[in-house]
Amino acid sequence: NDEALVHCTDKSGNVFVAGSSAGVMSGLDIYLSKISGGGNVLWEYRYAGAGNGNDVPVDIETDAAGNVFVAGETASQVNGKDIVTLKFSSGGILLWERIYDGSSNDNDACAGLCIDAAGNSTVLGSVYSDSSSFDFATFRYSPAGDLMWSSTYDGPGGSIDFAGDI
């Protein structure tokens, strides 16, 4: 039940692969590995969210400093799915973890991630709203992991608004 889902390379030619992997009593975990240009595994990391549900990566990016960011979904028994963003050092140390939960504390979905030249991470997804079903959500974290801003978009008529990619 292990599946590689997303990958990227850094400026040194290292490859980062993220996927889902069956956890021990925790549903699926996000699995991340860094592989050298020569094919050697440099480090591996397994992320099991606090909710012990299925954790799945959706996108992966690196910044100019060699840090790697993973955005995806983490599930719990209480709040359904939330959007998770993880930042790792180039050496595989988890620097921060951020959970974004929409206003209704219900199922939210990650669509993508991008990193700007300053190292800010912008995440796009869809969050469930009590008043209008799903809305687009865009939010940005600073390099230190502080939420800089968030914005949602509710299309006309309160219809379902799903984000595709950023």
Side-chain angles (χ1 to χ4, degrees), residues 5-10 16-20 26-32 34 45-90 92-166:
L5 297 170
V6 292
H7 70 280
C8 69
T9 57
D10 65 13
F16 296 88
V17 178
S20 59
S26 64
L28 296 174
D29 295 340
I30 292 175
Y31 168 81
L32 175 64
K34 179 178 182 179
Y45 190 93
R46 178 178 291 273
Y47 171 81
N52 289 326
N54 288 335
D55 306 312
V56 179
V58 172
D59 203 355
I60 187 170
E61 299 286 337
T62 60
D63 66 11
N67 299 306
V68 62
F69 299 77
V70 177
E73 298 165 1
T74 184
S76 73
Q77 303 301 320
V78 179
N79 293 340
K81 292 189 308 183
D82 296 324
I83 299 171
V84 62
T85 308
L86 307 168
K87 179 180 180 180
F88 296 87
S89 71
S90 63
I93 306 295
L94 178 63
L95 299 174
W96 51 258
E97 163 196 14
R98 299 295 181 263
I99 306 295
Y100 189 88
D101 188 10
S103 62
S104 70
N105 295 322
D106 206 335
N107 285 320
D108 306 314
C110 181
L113 161 78
C114 66
I115 310 302
D116 66 18
N120 299 308
S121 52
T122 305
V123 182
L124 177 68
S126 301
V127 296
Y128 195 82
S129 165
D130 290 330
S131 62
S132 64
S133 188
F134 282 98
D135 297 332
F136 293 165
T138 309
F139 45 98
R140 176 173 286 171
Y141 296 110
S142 72
D146 298 319
L147 182 64
M148 298 172 68
W149 53 262
S150 65
S151 178
T152 57
Y153 171 76
D154 180 14
S159 59
I160 297 174
D161 304 306
F162 277 117
D165 196 5
I166 188 167

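Keep in mind it's a predicted model, so treat the numbers as computed, not measured. Computed from heavy atoms alone, side chains included, the values below leave out hydrogens, waters and symmetry copies.
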- [ ] For Asp82 and Thr74, run side chain to side chain donor-acceptor pair (under 3.5 Å): C-alpha distance rounded to whole Å, both residues' side-chain angles, the deciding distance at 0.1 Å, then the answer.
- [x] CA-CA 5 Å; Asp82 296 324; Thr74 184; over 6 Å; no
Candidate pair Val84 and Asp55, rule side-chain contact (heavy atoms from CB on, under 4.5 Å), full reasoning | CA-CA 9 Å; Val84 62; Asp55 306 312; over 6 Å; no
For [X] and [Y], work out which heavy atoms get closest and say how close.
X: Leu113; Y: Ala71; result: CB-CB, 3.9 Å
X: Tyr47; Y: Ile99; result: OH-CD1, 4.0 Å
X: Phe139; Y: Ser150; result: CB-CB, 3.7 Å
X: Ser121; Y: Ile115; result: CB-CD1, 3.4 Å

Name all residues meeting the side chain to side chain contact (heavy atoms under 4.5 Å, CB included) criterion together with [X]; count only those two or more places apart in sequence or in a different chain, and write none if there are none.
X: Val6; result: Ala18, Pro57, Ile60
X: Val58; result: Glu73, Cys110
X: Tyr31; result: Ser21, Ser33, Glu44
X: Ala118; result: Asp116, Asn120

Atom pair [atom1] ([X]) and [atom2] ([Y]), whose distance is rounded to the nearest 0.5 Å:
X: Met148; Y: Thr122; atom1: CE; atom2: OG1; answer: 8.5 Å
X: Leu32; Y: Phe16; atom1: CG; atom2: CZ; answer: 7.5 Å
X: Glu61; Y: Thr9; atom1: CD; atom2: OG1; answer: 9.5 Å
X: Asp108; Y: Tyr100; atom1: CG; atom2: OH; answer: 8.5 Å

The side chain to side chain donor-acceptor pair (under 3.5 Å) partners of Asp29 (sequence neighbours excluded) come to Ser26, Arg46
The side chain to side chain donor-acceptor pair (under 3.5 Å) partners of Asp63 (sequence neighbours excluded) come to Asn67
How far apart are the C-alpha atoms of Ser90 and Lys34, what are their side-chain angles, what is the distance that settles it, and do they pass the side-chain contact (heavy atoms from CB on, under 4.5 Å) test? CA-CA 9 Å; Ser90 63; Lys34 179 178 182 179; 4.0 Å; yes
For this session: Please step through side-chain contact (heavy atoms from CB on, under 4.5 Å) for the pair Leu94 and Leu86, ending with a clear verdict.
Result: CA-CA 7 Å; Leu94 178 63; Leu86 307 168; 4.1 Å; yes
Given side-chain contact (heavy atoms from CB on, under 4.5 Å), test Leu5 with Ser20 step by step and report yes or no. CA-CA 7 Å; Leu5 297 170; Ser20 59; 4.1 Å; yes
Practice item. Name the orientation class of the two ring planes belonging to Trp96 and Tyr141 (parallel below 30°, tilted from 30 to 60°, perpendicular beyond 60°). Key: tilted
